[in-house]
Amino acid sequence: PRAYFKGIGPTLLGALPYEGIKFLCFDVYYDLFSKCTFLNEHPNSGIVFKLLSGALAGATAGFMVYPNDTVRRILQMDASGASSKERQYTSAFDCWKKTYRSGGIPRFYRGLVPYII
């Protein structure tokens, strides 16, 4: 059914920025950790730096693209089990507008903490 593909636009729009942000942030965080001389004394510091950099990069990228993910989920729920006449949103842009009007910026970040953890 069409409900499976209702949120495909926002999904594709969110995947590329997410990966790009994550790679950029990984390099930035890794460089920051590497410059801390007191942290470099441990023999396994490189592994720890990579682990921490990856975790922080994923959290940062997730935070930045989470509003798009919220719109995707709203569109998928709107399309499931409803006829086209019962749907609230006509497009992803319409969903962005109506979601912002109903709850402002905080509405796009509901559920962020479990997502980041």
Side-chain angles (χ1 to χ4, degrees):
R2 287 186 55 138
Y4 292 125
F5 301 101
K6 188 67 176 169
I8 195 74
T11 299
L12 294 176
L13 274 172
L16 292 174
Y18 176 82
E19 293 300 327
I21 293 166
K22 190 171 67 171
F23 280 112
L24 172 75
C25 289
F26 177 86
D27 287 340
V28 169
Y29 291 136
Y30 189 77
D31 286 344
L32 286 174
F33 286 131
S34 297
K35 289 178 183 175
C36 295
T37 55
F38 67 93
L39 294 174
N40 283 325
E41 295 171 3
H42 195 276
N44 293 328
S45 62
I47 295 169
V48 173
F49 291 168
K50 287 179 183 177
L51 179 69
L52 289 173
S53 299
L56 288 172
T60 303
F63 175 78
M64 294 180 83
V65 299
Y66 196 75
N68 192 61
D69 215 30
T70 299
V71 168
R72 177 188 59 83
R73 282 191 303 275
I74 290 171
L75 283 173
Q76 288 175 332
M77 292 304 297
D78 186 48
S80 65
S83 68
S84 60
K85 294 177 184 174
E86 296 173 350
R87 292 189 181 131
Q88 289 182 296
Y89 309 104
T90 57
S91 66
F93 184 70
D94 183 48
C95 183
W96 274 95
K97 285 192 314 186
K98 289 179 179 177
T99 303
Y100 178 75
R101 285 184 190 146
S102 71
I105 300 279
R107 170 61 183 98
F108 290 106
Y109 287 97
R110 282 189 199 158
L112 178 68
V113 173
Y115 176 80
I116 296 294
I117 292 174

Of all the heavy-atom pairs spanning D78 and R87, show the shortest one and how long it is.
OD2-CB, 3.4 Å

State yes or no: do V113 and Y109 share one hydrophobic cluster built from I, L, V, M, F, W and Y residues joined by side-chain heavy-atom distances below 4.5 Å, directly or via other members?
no

Measure the OG-CD1 distance between S102 and I74 for me, rounded to the nearest 0.5 Å.
7.5 Å

Are I105 and W96 joined in one hydrophobic group, where the rule is that I, L, V, M, F, W and Y side chains link up if heavy atoms are under 4.5 Å apart?
yes

Indicate if L75 and Y115 have the same hydrophobic cluster label, given that clusters are the connected sets of ILVMFWY residues with side-chain heavy-atom separations under 4.5 angstrom.
yes

Sidechain N-carboxylate O distance under 4.0 Å for K98, D94
yes

Q88 side, atom CD; C95 side, atom SG - distance, nearest 0.5 Å
8.5 Å

Rounded to the nearest 0.5 Å, how far does OG of S91 lie from NZ of K97?
7.5 Å

Quick one: list whatever passes ring-ring contact (aromatic ring centres under 6.0 Å, His included) with Y18, sequence neighbours left out.
none

Consider only side-chain heavy atoms of I, L, V, M, F, W and Y, link residues closer than 4.5 Å, and tell whether L112 and Y100 are in one cluster.
yes

Is the shortest heavy-atom distance from the side chain of F26 to the side chain of K50 under 4.5 Å?
yes

Pairs under 3.5 angstrom only: tabulate donor-acceptor contacts from the side chains of residues 51-68 to other protein residues two or more places apart or in another chain.
unit_1 : atom_1 : unit_2 : atom_2 : d
S53    : OG     : Y30    : N      : 3.2
S53    : OG     : F49    : O      : 2.6
T60    : OG1    : Y29    : OH     : 2.8
T60    : OG1    : L56    : O      : 2.8
Y66    : OH     : R73    : NH2    : 3.0
Y66    : OH     : R110   : O      : 2.9
Y66    : OH     : G111   : O      : 3.1
N68    : ND2    : P10    : O      : 2.5

Shortest non-hydrogen contact between T70 and F108, atoms and distance
OG1-O, 2.7 Å

